[in-house]
There are 2 protein chains.
Amino acid sequence: MKKEVPDWIGQVDPCEANCPSRDILDLIGDRWSLLLLLVIAQGVHRNGALKRRIGGISQKMLTQTLRALEASGLVERRDFQTVPPHVEYHLTALGASLGEALTPLFGWIEREFDAVVAARAAFAGRHAV
Amino acid sequence: MKKEVPDWIGQVDPCEANCPSRDILDLIGDRWSLLLLLVIAQGVHRNGALKRRIGGISQKMLTQTLRALEASGLVERRDFQTVPPHVEYHLTALGASLGEALTPLFGWIEREFDAVVAARAAFAGRHAV
DNA sequence: TAGGGTAGGAACCAAAAGTGTAGTACGCAC
DNA sequence: GTGCGTACTACACTTTTGGTTCCTACCCTA
């Protein structure tokens with residue numbers, strides 16, 4: 001029983017066409033979801049605050065992404081039913097566990113971002129001559 | 001110095017508009033990159049084999065994504081300069097380290113996929129009444 | 001000599017994603 | 001009573017993404 005693939009492959013073969021994880025990858029791969037998860041975990045809970053904090057997100061995408069996260073059970077929407085409206089978004093246990101699973105990824109980004117930028121510059125140099 | 005945010009937040013504040021990690025998130029968030037990273041790590045190295053393996057990817061997206069990964073220094077393209085063409089794609093050290101950073105994410109997907117599906121069903125139930 | 005495999009490039013088109021603007025309905029401060 | 005803030009929704013619009021199809025150029029097999 002030799003190991004011909006790296007350790008991190010695990011049992012997640014599922015990434016073929018019918019793979020269930022496609023849905024998850026779609027969810028987290030939509031540019032805003034991870035950011036939102038991050039800032040909500042940082043303690044920003046309200047619509048307006050999230051929008052100001054993230055910078056670049058439109059109200060539409062904010063609402064849409066929050067709904068998607070809520071629908072997947074990653075954040076909880078608490079509507080205080082007041083007027084003017086007061087709504088807060090909090091991570092669920094599931095959302096927090098996903099956050100934990102993403103720790104190494106954020107760490108990698110912090111550590112290796114420079115390497116990626118350098119690689120891109122080198123690549124551009126090789127191909128733009 | 002109290003901790004008011006979860007451990008996994010780290011120092012990655014960067015996810016604001018000007019944040020460098022946006023580029024990385026864009027890269028890995030494009031539906032095919034992670035899959036490609038995964039199957040290359042599993043030992044599938046050639047264009048045709050990758051296309052057959054992943055199922056659902058078009059030649060265009062395959063090439064495009066491979067170029068993006070190559071440009072970012074995550075995979076290496078080895079062209080054997082033969083005819084008919086023979087090209088192999090391998091992970092670089094950087095690509096392999098990203099793979100390792102993604103281990104917990106794949107693990108989370110495996111563990112929690114059912115929970116997400118259940119949450120979605122519940123949400124749909126609540127909102128489709 | 002026709003067809004399949006090798007690894008792509010280019011052009012075109014459809015679909016999806018995302019943006020901006022406007023409007024709802026009300027409270028509060030000036 | 002004017003305008004800002006709260007949390008949205010709806011519509012039209014543009015941009016991006018991805019898919020399809022056709023093309024190169026050569027090898028091997030039947």
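Residue numbering restarts at 1 for every chain, and letters A, B, ... go by the order of the sequence lines. Atoms considered below: every heavy atom in the structure, side chains included; atoms not considered: hydrogens, waters and symmetry mates.
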Colleague: E76(B): which residues meet the salt bridge (Lys or Arg N to Asp or Glu O under 4.0 Å) condition with it, sequence neighbours left out?
Modeller: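 Here the qualifying residues are R78(B).
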Colleague: List in chain and number order the residues that pass side chain to side chain contact (heavy atoms under 4.5 Å, CB included) with A101(A), two or more places apart in sequence or in another chain; answer none if no residue qualifies.
Modeller: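 In terms of side chain to side chain contact (heavy atoms under 4.5 Å, CB included), with neighbours along the sequence ignored, A101(A) is linked to P104(B), W108(B).
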Colleague: Please list residues of residues 72-91 of chain B whose heavy atoms come under 4.0 Å from any atom in DNA chain D, ordered by number; otherwise none.
Modeller: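 Within residues 72-91 of chain B, the residues near DNA chain D are V83(B), P84(B).
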Colleague: By side chain to side chain contact (heavy atoms under 4.5 Å, CB included), which residues pair with H45(B), not counting sequence neighbours?
Modeller: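 H45(B) satisfies side chain to side chain contact (heavy atoms under 4.5 Å, CB included) with I40(B), E88(B), H90(B) only.
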Colleague: Do L105(B) and L98(A) make a side-chain contact, defined as non-hydrogen atoms from C-beta onward lying under 4.5 Å apart?
Modeller: yes
Colleague: In chain order, what residues pass the side chain to side chain donor-acceptor pair (under 3.5 Å) check against R46(A), with sequence neighbours excluded?
Modeller: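 None.
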Colleague: Holding to salt bridge (Lys or Arg N to Asp or Glu O under 4.0 Å), I want the full list of residues that pass it with R77(B), two or more places apart in sequence or in another chain.
Modeller: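 For R77(B) the salt bridge (Lys or Arg N to Asp or Glu O under 4.0 Å) partners, ignoring immediate neighbours, are D79(B).
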Colleague: Checking A115(B) now: which residues fulfil side chain to side chain contact (heavy atoms under 4.5 Å, CB included) with it, not counting sequence neighbours?
Modeller: L94(A), E112(B)
Colleague: Earliest and latest nucleotide of DNA chain C, 5' to 3', sitting under 4.0 Å from a non-hydrogen atom of chain B?
Modeller: dG5(C) to dG9(C)
Colleague: Please state how far atom CG in L27(B) lies from atom C1' in dT16(D), giving the value in whole angstrom units.
Modeller: 16 Å
Colleague: Please identify each residue that fulfils side chain to side chain donor-acceptor pair (under 3.5 Å) with T63(B), with sequence neighbours left out.
Modeller: Q59(B)
Colleague: Does anything in residues 29-40 of chain A pair up under side chain to side chain donor-acceptor pair (under 3.5 Å), and if so which pairs, sequence neighbours excluded?
Modeller: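 Qualifying pairs: D30(A)-S33(A), R31(A)-D26(B).
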Colleague: How would you list, by chain and number, every residue that makes a side chain to side chain donor-acceptor pair (under 3.5 Å) with T65(A), sequence neighbours excluded?
Modeller: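 Counting only residues at least two positions away or on another chain, T65(A) forms no side chain to side chain donor-acceptor pair (under 3.5 Å).
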Colleague: Could you go over nucleotides 17-24 of chain D and give all protein N or O partners under 3.5 Å, atom names and distances?
Modeller:
unit_1	atom_1	unit_2	atom_2	d
dG18(D)	N7	K60(B)	NZ	3.1
dG19(D)	OP2	S58(B)	OG	3.1
dG19(D)	N7	K60(B)	NZ	3.3
dG19(D)	O6	K60(B)	NZ	2.1

Colleague: Rounded to whole Å, how long is the line connecting atom CG of L62(A) with atom P of dA7(D)?
Modeller: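 Taking CG of L62(A) and P of dA7(D), I get 10 Å after rounding.
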